[in-house]
Amino acid sequence: MAKPVSIEVWNPNGKYRVVSTKPMPGTRWINLLIEQDCRVEICTQKKTILSVEDIIALIGDKCDGVIGQLTEDWGETLFAALSRAGGKAFSNMAVGYNNVDVNAANKYGIAVGNTPGVLTETTAELAASLSLAAARRIVEADEFMRAGLYDGWLPNLFVGNLLKGQTVGVIGAGRIGSAYARMMVEGFKMNLIYYDLYQATRLEKFVTAYGQFLKANGEQPVTWKRASSMDEVLREADVISLHPVLDKTTYHLINKERLATMKKEAILVNCSRGPVIDEVALVEHLKQNPMFRVGLDVFEDEPYMKPGLSEMKNAIVVPHIASASKVI
């Protein structure tokens, strides 16, 4: 029998019991549930990722709905437990739902919700931040300063890439990919090449209009190109940001062979899903190409990194924080 899981209770006399597997920022979501006469139980267990047994203990004998996380494996076992407890709804606090077995949810008559759209700008902003940090070698320079190694300005100290006039490549020009592209084009006057199964008409119109604005003001206009393949983007772009969904076709999308086709001083950014990059191949490529740089927010086997990645000076790694922003 699973050990009891520590919880925080809101509106204890509510008619409907809703469980959240993690504390989440703010209280608006709690108040919305309370307005619908829900008793809200929030897990306060000091564990980053709950086990299946922990979640089953949280669900208990009576539970109307669960708010879960991307790090949890919602499949047959958990949906069966939720169904036995009378549950009818599961909400995934994530844009995607590759951690959810939708067929299992359908089998037990449980509705599944996710949150598309809410992380568009914050994820795009982090991808842009990683792009700039990698291009200008900001993390390396910060470590250099903190180590007390700076003894005066030198013209060749941490020379990085000027983004203006270079080409930014986007693989997956959906909401987040398009938002990132707009930031890089308008913010740094970069040209755009993108690959997507569907034409990003709004993005193309934006780049065209901005290019006309620059030309009218006596500057070099930016351009856009829709690539016929992902490999075309990888060959031509100076900065590449990955924004595909994760499925069988995109697993290890970036592998040894594709890394070899990229420019030797290219920058690769991933704020989508870790397994789209073969991390072992990436580590080897970083070793062999010291001017090739990456910015990673997600990893193949989270929370772990493949051996050697953390030692790479040409890699910027952050702990899945693309969604970690607040509205002031």
*Is there any ring pair (Phe, Tyr, Trp, His ring centres under 6.0 Å) pair reaching into residues 234-256, and which pairs are they, with sequence neighbours excluded?*
Y180-H243
*Using the test ring pair (Phe, Tyr, Trp, His ring centres under 6.0 Å), find all partners of F158 that sit at least two apart in sequence or belong to another chain.*
F144
*Is it true that a side-chain atom of D301 and a backbone atom of Y304 form a donor plus acceptor pair closer than 3.5 Å?*
no
_Sidechain-backbone polar pair: T115 side chain, V118 backbone, donor-acceptor under 3.5 Å_ = no
*Any residue meeting side chain to side chain contact (heavy atoms under 4.5 Å, CB included) with T71, in chain and number order, not counting sequence neighbours*: I49, Q69
*Indicate yes or no for a side-chain donor-acceptor contact from R226 to the backbone of D196 under 3.5 Å, with no hydrogens or angles considered.*
yes
*Could you walk me through whether W29 and V40 pass side-chain contact (heavy atoms from CB on, under 4.5 Å), step by step?*
CA-CA 10 Å; W29 65 278; V40 183; 4.2 Å; yes
*Apply the test salt bridge (charged side-chain N to carboxylate O under 4.0 Å, His left out) to residues K62 and D64: give CA-CA distance (whole Å), side-chain angles for both, the deciding distance (0.1 Å), then the verdict.*
CA-CA 7 Å; K62 181 187 180 303; D64 295 286; 3.1 Å; yes
*In terms of side-chain geometry, is the basic nitrogen of D231 or R258 positioned less than 4.0 Å from the acidic oxygen of its partner?*
yes
*May I ask you to say whether R17 pairs ionically with E41, meaning some side-chain N is under 4.0 Å from a carboxylate O?*
yes
*Ion pair present between K225 and E232, side-chain N to carboxylate O less than 4.0 angstrom?*
yes
*Electrostatic pair E140-R137, nearest N-O below 4.0 angstrom*: yes
*From E300, E284, E311, residue fulfilling salt bridge (Lys or Arg N to Asp or Glu O under 4.0 Å) relative to K306*: E300
